[in-house]
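This structure is a prediction, so every number in the text was calculated from the model and none was measured. Below, chain A is the first sequence line, B the second, and so on; all start at residue 1.
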Protein chains: 2
Amino acid sequence: MSPLIESFVRHFGEMGSRWGINRTVGQMYAYIVLSDEPVNADELAAELKVSRSNVSMGLKELQSWNLVRLLHVPGDRKDYFTAPEDVWEIAMTLINERRKREIDPTLTVMRDLLMENPRSPSDQYAQGRIEEMYQLIEMLTHWSREIQQLSPKQISRMLKLGAGVSKLLG
Amino acid sequence: MSPLIESFVRHFGEMGSRWGINRTVGQMYAYIVLSDEPVNADELAAELKVSRSNVSMGLKELQSWNLVRLLHVPGDRKDYFTAPEDVWEIAMTLINERRKREIDPTLTVMRDLLMENPRSPSDQYAQGRIEEMYQLIEMLTHWSREIQQLSPKQISRMLKLGAGVSKLLG
DNA sequence: CTGAAATTTCAGAAAATAGTGAAAGTTGAT
DNA sequence: ATCAACTTTCACTATTTTCTGAAATTTCAG
């Protein structure tokens with residue numbers, strides 16, 4: 001692995017571990033993303049110096065996140081993996097998977113708590129807070145879903161506009 | 001602690017641990033946020049059934065994230081903590097602190113790697129990928145900064161507009 | 001100052017998470 | 001059907017992270 005690639009892989013391993021993703025899985029994904037060609041499990045194990053079984057588990061996780069695509073090269077029985085070529089697609093996938101796993105269940109819990117009737121003034125206050133958070137999260141996820149309907153071109157135009165939208169909004 | 005509050009606190013503990021924040025710190029913050037009145041360390045230790053020293057470390061962490069405000073109640077030597085009353089403010093703080101700790105250092109690493117000269121075609125490919133990611137992250141953080149200039153009113157108007165912006169953009 | 005009240009520190013214990021190697025399971029070419 | 005190539009599983013070990021209690025430190029009323 002070239003020093004350039006290694007630095008990146010290392011850094012993403014660290015970052016991953018700050019996010020509930022484990023270091024090795026982070027490194028594996030960084031390596032796959034930077035790879036020109038599809039990557040197989042043995043290559044990952046060799047380059048990252050981890051056991052073959054660890055790689056197998058990591059790949060399973062990346063697949064469950066829809067972050068890699070499995071493919072085969074003719075005349076080779078190994079499984080090969082690539083990341084989407086479009087970095088936007090990777091970002092969207094990450095956002096959507098996180099929403100599915102974390103935001104949606106949280107909204108459900110909050111909705112349930114808002115249905116209960118408060119047994120005390122402090123419950124009442126708590127529900128008020130939960131309501132505010134619920135509205136906020138709801139609004140953000142709804143927005144994120146809508147934005148994903150747009151083409152990358154439109155999205156980047158909007159992002160570049162930035163605070164400029166306020167003018168459009170009057 | 002009422003069942004309602006306990007459910008919320010439990011859930012946020014779990015969520016926290018999926019995000020590089022530890023379970024107890026997550027629970028502590030949930031408890032503080034739902035509290036009508038300022039909370040002191042002994043109360044947290046008692047309610048969450050963790051050691052006083054663990055609470056002390058957790059509070060230090062919450063303070064380093066700017067998520068709590070320290071205050072004193074007259075005639076009491078204990079330190080009391082509250083969360084901002086505005087949930088938008090909490091969200092912004094989270095975004096900004098995460099940017100400072102995770103995104104900014106990542107951009108720095110990437111920028112450095114883009115300066116190096118590639119020693120092989122695969123380095124060249126890797127740099128291309130890094131460049132794409134750099135642009136994307138840069139655009140998103142720039143946007144996030146700009147949006148924060150707007151008033152909560154304007155922000156929520158924009159978010160509600162959702163994909164509707166595309167019309168404005170022509 | 002003094003000392004009680006409070007907070008912080010920190011070394012070690014406990015718990016949780018990640019990683020390994022050996023064995024089992026799959027797959028597909030012959 | 002066989003068997004070599006490849007992948008997965010899983011019980012166990014290693015590592016990392018979190019938590020605790022005791023001791024040290026800080027703070028402030030008297």
Side-chain angles (χ1 to χ4, degrees), chain A residues 9-32 37-65 68-82 101-102, chain B residues 9-32 37-65 68-82 101-102:
Chain A
V9 165
R10 283 258 180 79
H11 181 80
F12 266 76
E14 293 309 315
M15 279 342 256
S17 63
R18 291 211 188 176
W19 272 69
I21 290 158
N22 92 39
R23 207 180 71 253
T24 304
V25 174
Q27 291 183 347
M28 285 174 51
Y29 199 56
Y31 187 88
I32 293 169
E37 319 236 310
V39 175
N40 67 50
D42 288 332
E43 180 179 347
L44 286 167
E47 294 294 335
L48 304 177
K49 299 181 169 69
V50 295
S51 72
R52 180 64 186 69
S53 56
N54 197 1
V55 169
S56 175
M57 294 189 294
L59 285 170
K60 234 182 99 184
E61 186 164 355
L62 288 174
Q63 283 176 282
S64 84
W65 279 80
V68 290
R69 197 165 302 283
L70 168 65
L71 49 85
H72 291 98
V73 309
D76 188 338
R77 285 176 57 180
K78 289 193 183 68
D79 290 347
Y80 283 80
F81 296 89
T82 51
R101 292 159 194 243
E102 289 151 27
Chain B
V9 165
R10 284 258 179 79
H11 182 80
F12 265 75
E14 293 310 314
M15 277 347 256
S17 63
R18 293 213 187 173
W19 271 71
I21 291 159
N22 92 39
R23 208 181 71 250
T24 304
V25 174
Q27 292 184 346
M28 285 174 51
Y29 199 55
Y31 187 89
I32 293 169
E37 319 237 309
V39 174
N40 67 51
D42 288 331
E43 180 180 345
L44 286 168
E47 294 292 336
L48 304 177
K49 299 181 170 67
V50 294
S51 72
R52 182 62 186 69
S53 56
N54 197 0
V55 169
S56 175
M57 293 188 295
L59 284 170
K60 236 182 97 185
E61 187 165 354
L62 288 173
Q63 282 176 283
S64 83
W65 279 79
V68 290
R69 197 166 301 287
L70 169 65
L71 50 85
H72 291 97
V73 309
D76 188 337
R77 286 174 59 180
K78 288 193 182 69
D79 289 347
Y80 284 80
F81 296 89
T82 52
R101 292 159 195 243
E102 288 152 26

Length of the [atom1]-[atom2] vector between [X] and [N], whole Å:
X       : N      : atom1 : atom2 : answer
B:Asp76 : D:dT27 : CG    : P     : 17 Å
A:Leu59 : C:dG19 : CG    : C1'   : 15 Å
B:Leu48 : D:dC19 : CG    : P     : 11 Å
A:Asp79 : C:dT26 : CG    : P     : 15 Å
A:Lys78 : D:dT8  : NZ    : P     : 14 Å
A:Glu61 : D:dT9  : CD    : P     : 14 Å
A:Ile21 : D:dT16 : CD1   : C1'   : 18 Å
A:Leu44 : D:dC6  : CG    : P     : 15 Å

### Task
Give the nucleotide from the list D:dT8, D:dC6, C:dT9 with an atom nearest to the side chain of A:Ser56.
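Looking only at heavy atoms from C-beta outward on A:Ser56, the closest nucleotide is D:dT8.
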### Message
Side chain of B:Lys60 only, heavy atoms from C-beta on: which candidate in C:dG19, C:dT9, D:dT8 is closest?
### Response
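For B:Lys60, the side-chain atoms sit closest to C:dT9.
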### Query
Counting only side-chain N and O atoms of B:Asn22, is one of them less than 4.0 Å from OP1 or OP2 of C:dA16?
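Checking C:dA16 against B:Asn22, no side-chain N or O comes under 4.0 Å of OP1 or OP2.
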### Task
Please tell me if the side chains of B:Phe81 and B:Leu70 come closer than 4.5 Å, counting only heavy atoms from C-beta onward.
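B:Phe81 reaches B:Leu70 side chain to side chain.
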### Query
Quick one: are B:Met28 and B:Thr24 in side-chain contact, heavy atoms under 4.5 Å?
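Yes, close enough: below the 4.5 Å cut-off.
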Contacts of [X] that satisfy salt bridge (charged side-chain N to carboxylate O under 4.0 Å, His left out) - sequence neighbours left out:
X       : value
B:Arg18 : none
B:Glu37 : none
A:Arg77 : none

### Message
Regarding A:Ser17, tell me which of base, sugar-phosphate or nothing describes its non-hydrogen contacts under 4.0 Å with the strands shown.
### Response
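Answer is nothing: A:Ser17 stays at 4.0 Å or more from every strand.
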### Query
Which part of the nucleic acid, if any, lies within contact of A:Asp42, taking any heavy atom under 4.0 Å across all strands shown: a base, the sugar-phosphate backbone alone, or nothing?
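No contact.
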Identify all side-chain donor-acceptor contacts of residues 38-48 of chain B below 3.5 Å with residues at least two apart in sequence or on another chain.
| from | atom 1 | to | atom 2 | distance (Å) |
| --- | --- | --- | --- | --- |
| B:Asn40 | OD1 | B:Asp42 | N | 3.0 |
| B:Asn40 | OD1 | B:Glu43 | N | 2.8 |
| B:Asn40 | ND2 | B:Tyr80 | OH | 3.3 |
| B:Asp42 | OD1 | B:Arg52 | NE | 3.2 |
| B:Glu43 | OE2 | B:Tyr31 | OH | 2.7 |
| B:Glu47 | OE1 | B:Met1 | N | 3.2 |

### Counterpart residues, ring-ring contact (aromatic ring centres under 6.0 Å, His included), relative to B:Tyr29 (two or more places apart)
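By the ring-ring contact (aromatic ring centres under 6.0 Å, His included) rule, B:Tyr29 matches no residue at all.
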Quick one: which protein N/O atoms are closer than 3.5 Å to N/O atoms of nucleotides 20-26 of chain D? Pair and distance per line, please.
| from | atom 1 | to | atom 2 | distance (Å) |
| --- | --- | --- | --- | --- |
| D:dT20 | OP2 | B:Ser51 | N | 2.7 |
| D:dT20 | OP2 | B:Ser51 | OG | 3.0 |
| D:dT20 | OP2 | B:Asn54 | ND2 | 3.3 |
| D:dG21 | N7 | B:Ser53 | OG | 3.1 |
| D:dG21 | O6 | B:Ser53 | OG | 2.8 |

